Amino acid sequence: MPVSNKKFTLGATERLKSRKTIERLFRDGRHFTLFPFKVYYLFSSAAGIVPPPGPATLPGLSSLPGLSSPPLQAGFAAGSRHFKKAVDRNRIKRLTKEAYRLQKSDLQQHLHATNRSLALFLIYTGKDLPAHSLINEKIGVILQKLIREAGS
RNA sequence: GCUACCAACCGGGUCAUCGCUCGCGCCGCAAGGCGGGGGAGGAAAGUCCGGACAGCGCAGGGCAAUGCACCGGUUAAGAGCCGGGGGGCGCGGAAGCGUUCACAGAGAGUGCCACAGAAAAUAACUGCCGAAUUAUCGUUGUGGCAGCCGGGUUCGCCUGGGAGCCUACGGUAAGGUAAAGUUGAAAACGUGGGGUAAGAGCCCACGGCCCCGUCAAGUAAUUGCCGGGGCGGGUAAACCUUGCAUGCUGUAAUGCCAUGUAGGUUCCGGUUUCCCGGUCGGACAGCUUCGUGCUGAACGGUCGGGAAGGUUAGCUGCCCGCUAGCAACGUCCGGGACGGGUAGGCAGCCAGAUCUCUGCAGUAAUGCAGGGGCCAGAUAAAUGAUGACCGCCCGCCGCGCAAGCGGCGGGAACAGGAUCCGGCUUACAGGUUGGUAGUAAUU
């Protein structure tokens, strides 16, 4: 796996792009809130069949991150409720992606070691435009929490 | 130089590190790697107009609905733009200049017009008049006639009174009138005179406005002169009328590939009549070589076709009407609902009413010709993040007579493609250039 070699990339394969997977994540995944983010996540084994919370065996899940996909996929959003202008939403998503990109390697290696994959969605729920340093700090905390979740 | 306004343009730069997306070249079985390129706006926004493009619909007609509304030009088109005309407003002595107007019709009809006011379209009320006509009132009323009553008488008549009638006068009502009536955004063309019972464009003079016509100018809107007719408000962004135009839905359109369209549950509707032809059977009739042979034939079965009716679907609002399907007592046909399934990929999807420069035509919008350029194509949605320096602006401090220099701190707008173009509207820190006006200084 070449994942550990290139550290700070966030290409198309590492982002959540499938509408189907995203819907499954919101429907069956777990979530927690760590201000100013709401985090949806859904673990599964590297083979991509059974997620740990295990609601049921879902046959449509075979297209989830499997052998050909990286074990970690993430999506990002900012609600248009608080940010009416597209420029502001873009800014928040870019800052979030940047912070995630620079700090995700630990989680990635942990997943690789435990042979599991994870779908992740980060929604910014704050009401004001955040500073870069705040986002950086909070994303770090969220990633640590996810590592603990994966270990348990 | 400064200030104001208008127009056009710009909308921070460089470097480093780590990243994103789409082509190209090379390497690699592949995953991918390396190299070198492209990568948001003047409004990308609002989605208000107009197109291109696409699908659905489309024999045709009618109704409805919607939009537009001075003229000419421009354009693929427009509720855009350019030029012109007209009205309003502002400045001005005027010429003119600027600005603004959804600028057809209120001489077809219906409706509405808050508050105030007599009244918002009927002419009511106050008021004025009461001439004509009609009615009516009037205590000594102006004149006349006069039934009747009293007195006198030469019996001819004289004289006094007098109901009533006519007339005159005064009043009232019907009636006439729209001059005056504290309002209001708006009040029945304005001023003056004549006229009248009182009045009135009722008449006249001058002026204003509207309509029609001749002539002249102009492509036209329109303008001018003359002539004729007229002058009872506003509102059509109330209904409406007139003229013109218009199918509907939008790239989540749409096409292709892959997958699926299976099995199931349930509801509703349907099985018609007639005609023609083929074929089979055939009551019966005729012919007969008497062979149940030939010919005809009501009727019946079956197959095919047609007509009417029925029914289902379509006709992107409705109707006429049109088109297509169905006709089968079978667990059949048609339609609907539930349920089930897919929501992946490719095309559309970026070379175009394209950008830019030059020339020509035109007052201009714009067009034509030539040269050069290639300028985002994402799809949970890329074009970024961080740092440093430079440039710009603001504040404070220090130095300096001052211009300014240095240090520290802070700020930098509106705003992000999603099919693509042409417009419109709205938002916008700061800056550059040009023009106009004012003003200071210098020559």
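Below, chains carry the letters A, B, ... as their sequence lines are ordered, and counting in each starts from 1. Keep in mind the model is a prediction, meaning the values are calculated, not measured.
If you take NZ of A:Lys84 and P of B:G416, they are 11 Å apart, rounded to a whole angstrom. Rounding to whole angstrom units, OH of residue A:Tyr40 and C1' of B:A380 are separated by 15 Å. Residue A:Arg15 contributes atom CZ, which lies 8 Å from atom P of B:A382 at whole-angstrom precision. Atoms CD (A:Glu14) and C1' (B:U21) sit 15 Å apart, rounded to a whole Å. Taking atom CZ on A:Phe83 and atom P on B:A415, their separation rounds to 15 Å, with Å as the unit.
Comparing the C1' positions of B:G218 and B:U223 gives an interatomic distance of 9 Å, to the nearest angstrom. Across B:G176 and B:U159, the matching C1' atoms stand 49 Å from one another, rounded to whole Å. Annotation: B:A252 and B:G317 have their C1' atoms spaced 26 Å apart (nearest Å). One C1' atom belongs to B:G227, the other to B:G243, and the distance between them is 32 Å to the nearest Å. Rounded to the nearest Å, the gap between the C1' atom of B:G98 and that of B:G92 is 12 Å. The C1' atoms of B:C20 and B:U379 are separated by 15 Å, rounded to the nearest whole Å. One P atom belongs to B:G171, the other to B:C129, and the distance between them is 9 Å to the nearest Å. B:U246 and B:G61 have their P atoms separated by 13 Å, given to the nearest Å.
B:A365: no Watson-Crick or G-U partner with both key distances under 3.5 Å is found in any strand. B:G387 is paired with B:C15 under the criterion used here, namely a Watson-Crick or G-U wobble arrangement in which both key atom distances are under 3.5 Å. Pairing of B:C240, defined by two Watson-Crick or G-U wobble distances under 3.5 Å, is identified with B:G105. With a cut-off of 3.5 Å on both Watson-Crick or G-U wobble distances, the partner of B:U354 is given as B:G373. Within the shown strands, nothing qualifies as a pairing partner of B:A59 under the Watson-Crick or G-U definition with both distances less than 3.5 Å. Partner assigned to B:G404 is B:C399, using Watson-Crick or G-U wobble distances below 3.5 angstrom. Judged by Watson-Crick or G-U wobble contacts below 3.5 Å, the nucleotide B:C128 has B:G176 as its partner. With both pairing distances under 3.5 Å, B:A437 is matched to B:U3 as a Watson-Crick or G-U wobble pair.
Nearest to the side chain of A:Leu102, among B:A415, B:U21, B:C18, sits B:C18.
Glycosidic conformation of B:A40 is syn; the angle stays within 90° of 0. Glycosidic conformation of B:G201: syn, with the torsion inside 90° of 0. In textbook terms, a nucleotide whose glycosidic angle is within 90° of 0 is syn, while B:G296, being further out, is anti. By the rule that a glycosidic angle within 90° of 0 means syn, B:G434 does not qualify and counts as anti. Glycosidic conformation, B:G156: syn, with the torsion inside 90° of 0.
Not counting sequence neighbours, the partners of A:His132 by the side chain to side chain contact (heavy atoms under 4.5 Å, CB included) test are A:Leu95, A:Asn136. For A:Lys97, the side chain to side chain contact (heavy atoms under 4.5 Å, CB included) partners two or more places apart in sequence, or in a different chain, are A:Leu10, A:Phe76. For A:Phe26, the ring-ring contact (aromatic ring centres under 6.0 Å, His included) partners are A:Tyr40, A:Phe121, not counting sequence neighbours. For A:Leu102, the side chain to side chain contact (heavy atoms under 4.5 Å, CB included) partners at least two apart in sequence or on another chain are A:Phe8, A:Glu98.
A distance of 4.5 Å separates CG of A:Leu107 from CG of A:Leu111, quoted to the nearest 0.5 Å. If you take CD on A:Gln108 and CG on A:Leu118, they are separated by 10.5 Å, rounding to the nearest 0.5 Å.
Distance alone, capped at 3.5 Å, places no donor-acceptor pair between the A:Thr33 side chain and the A:Lys38 backbone. Judged by distance alone, with hydrogens and angles left aside, the side-chain atoms of A:Arg15 form no donor-acceptor pair with the main-chain N or O of A:Gln73 at under 3.5 Å.
Heavy-atom distances to RNA chain B give each of A:Ala86 and A:Phe26 a nearest nucleotide, and the one nearer the 5′ end belongs to A:Phe26. If you find the closest nucleotide of RNA chain B to A:Leu16 and to A:Leu10, the one lying nearer the 5' end belongs to A:Leu10.
For the pair A:Arg101 and A:Glu14, the salt-bridge criterion is not met [side-chain N within less than 4.0 Å of a carboxylate O].
Residue A:Phe83 is not grouped with residue A:Val87 when hydrophobic side chains (ILVMFWY) are merged at heavy-atom distances under 4.5 angstrom, including chains of intermediate members. In the hydrophobic clustering of ILVMFWY residues, with side-chain heavy atoms under 4.5 Å counting as a link, A:Tyr124 and A:Leu129 come out together.
Within 4.0 Å (heavy atoms only), A:Ala77 reaches no atom of the nucleic acid at all.
Only A:Val87, A:Asn90, A:Arg91, A:Arg94, A:Leu95, A:Lys97, A:Glu98, listed by number, bring a heavy atom of residues 87-99 of chain A to less than 4.0 angstrom from any atom of RNA chain B. The stretch residues 121-136 of chain A touches RNA chain B through A:Phe121, A:His132, each having a heavy atom under 4.0 angstrom from the strand.
You'll find a donor-acceptor pair under 3.5 Å spanning the side chain of A:Arg101 and the base of B:C18, going by distance alone.
A:Phe37 does not carry A:Lys138 over the face of its six-membered ring by the limits of under 6.0 Å from the centre and within 45° of the normal.
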